[in-house]
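Shown next, in structure tokens, is the structure this report addresses.
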Amino acid sequence: MEKIIHELNKLINKAIKNNESPVAAIIVHNNKIIAKAYNQRNKSNITTDHAEIIAIHKANRRLKSWRTNKCTMYVTLEPCEMCKSVIKESRIENVYYFLPRNSEKKQYKGTKILSIDNTIETTEKFIRNYKKIMHEFWENKR
């Protein structure tokens, strides 16, 4: 654990130096660190450049697989909802965080996610075709 804490410390200091949120993540596989990252979205201007997601990308490349189910993640701050979803999708086995998220932190609530009105003929046709494509795709996978 000392090595992980030491690496996390280096990463959060690097984040601060680069004017980023001091959040860092490390992924371990077979007792070896295979990926490490810190938040970088201020520098990259990419919304998803959170430490957890960058670390998962690195682990995917290292393992040559999108599945990281035999891995453990250590992160300095409890992951946000976006990162929790990506972590679950990546199949990481365990996630340990050192500090819980501030429950009083304001979350952006302006985005509306809406279903397309399928009463328009072209939309209805697209939806029917897409349902068929999805059904056939998953039928062939299973």
Side-chain angles (χ1 to χ4, degrees), residues 1-118 120 122-142:
M1 182 59 77
E2 275 185 47
K3 182 177 181 178
I4 289 169
I5 290 171
H6 176 73
E7 290 297 321
L8 287 170
N9 242 333
K10 285 178 14 183
L11 290 165
I12 59 175
N13 286 326
K14 195 170 182 180
I16 291 167
K17 182 181 170 194
N18 289 310
N19 199 31
E20 297 286 350
S21 298
V23 178
I26 288 177
I27 297 177
V28 174
H29 181 257
N30 292 333
N31 295 318
K32 282 185 164 179
I33 294 173
I34 62 163
K36 50 189 177 179
Y38 62 90
N39 276 22
Q40 295 182 36
R41 73 180 184 173
N42 289 334
K43 180 181 178 187
S44 70
N45 289 314
I46 296 173
T47 305
T48 57
D49 270 358
H50 287 204
E52 300 92 327
I53 295 173
I54 296 168
I56 289 169
H57 286 183
K58 289 179 177 183
N60 293 151
R61 284 194 295 273
R62 181 87 181 262
L63 297 171
K64 295 180 174 66
S65 174
W66 64 267
R67 292 179 180 93
T68 55
N69 53 324
K70 293 189 177 169
C71 294
T72 298
M73 177 182 279
Y74 297 89
V75 61
T76 54
L77 183 66
E78 179 184 2
C80 69
E81 293 306 313
M82 174 183 67
C83 289
K84 284 179 184 178
S85 292
V86 173
I87 290 165
K88 287 176 186 177
E89 285 294 321
S90 75
R91 313 293 199 265
I92 287 177
E93 220 166 89
N94 295 299
V95 177
Y96 297 100
Y97 62 86
F98 291 84
L99 198 64
R101 293 192 76 72
N102 181 352
S103 60
E104 296 174 17
K105 183 182 178 210
K106 292 181 182 178
Q107 297 290 313
Y108 179 77
K109 295 184 187 326
T111 302
K112 293 174 182 65
I113 299 177
L114 309 166
S115 176
I116 298 273
D117 180 7
N118 64 359
I120 304 165
T122 54
T123 306
E124 193 176 304
K125 186 177 176 182
F126 172 79
I127 291 171
R128 266 196 320 273
N129 187 48
Y130 185 60
K131 280 181 182 177
K132 181 181 172 199
I133 290 168
M134 290 300 286
H135 176 76
E136 289 172 0
F137 175 81
W138 289 112
E139 187 107 332
N140 292 330
K141 290 284 182 188
R142 294 180 179 151

> Got a sec, which pairs hit salt bridge (Lys or Arg N to Asp or Glu O under 4.0 Å) with one end in residues 11-26, sequence neighbours left out?
Replying inline: none
>> If I take atom OG1 from residue Thr72 and atom CD1 from residue Ile4, how far apart are they, to the nearest 0.5 angstrom?
In response: 8.5 Å
> How about Ile12 and Leu8: do any of their side-chain heavy atoms sit closer than 4.5 Å?
Replying inline: no
> Got a second to check how far His6's NE2 is from Leu11's CG, nearest 0.5 Å?
Replying inline: 10.0 Å
Using a 3.5 Å cut-off and no angle test, enumerate the donor-acceptor pairs between side-chain atoms of residues 25-40 and protein atoms at least two apart in sequence or in another chain.
unit_1: Lys36; atom_1: NZ; unit_2: Glu7; atom_2: OE1; d: 2.7
unit_1: Tyr38; atom_1: OH; unit_2: Asn18; atom_2: ND2; d: 3.1
unit_1: Asn39; atom_1: OD1; unit_2: Ala51; atom_2: N; d: 2.8

>> Under the rule for side-chain hydrogen bond (donor to acceptor under 3.5 Å, both in side chains), what residues qualify as partners of Glu78, not counting sequence neighbours?
In response: Lys84
> For Ser90, what residues pass the side-chain hydrogen bond (donor to acceptor under 3.5 Å, both in side chains) criterion, not counting sequence neighbours?
Replying inline: Thr68
> More than 12 non-hydrogen atoms from neighbouring residues, nucleotides or ligands closer than 6.0 Å to CD on Glu93, yes or no?
Replying inline: yes
>> For Ile87 versus Pro79, what's the shortest heavy-atom pair and its separation?
In response: CD1-CG, 3.9 Å
> Any chance CG of Asn94 has more than 12 other-residue heavy atoms, nucleotides or ligands included, within less than 6.0 Å?
Replying inline: yes
> Could you state the interatomic distance from CD1 (Ile56) to SG (Cys83), rounded to the nearest 0.5 Å?
Replying inline: 7.5 Å
> Under the salt bridge (Lys or Arg N to Asp or Glu O under 4.0 Å) rule, what pairs show up with a residue in residues 42-62, not counting sequence neighbours?
Replying inline: none
> Atom CG of Asn9 and atom OG1 of Thr76: how far apart are they, to the nearest 0.5 Å?
Replying inline: 10.0 Å
> Rounded to the nearest 0.5 Å, what separation is found between the OG1 atom of Thr47 and the CE atom of Met82?
Replying inline: 7.5 Å
> How about Ser21 and Leu77: do any of their side-chain heavy atoms sit closer than 4.5 Å?
Replying inline: no
> Restricting to pairs with a member in residues 49-102, which pass ring-ring contact (aromatic ring centres under 6.0 Å, His included), not counting sequence neighbours?
Replying inline: Tyr74-Tyr96
>> Can a donor-acceptor pair be found, under 3.5 Å and without considering hydrogens, that links the side chain of Asn69 to the backbone of Ile92?
In response: no
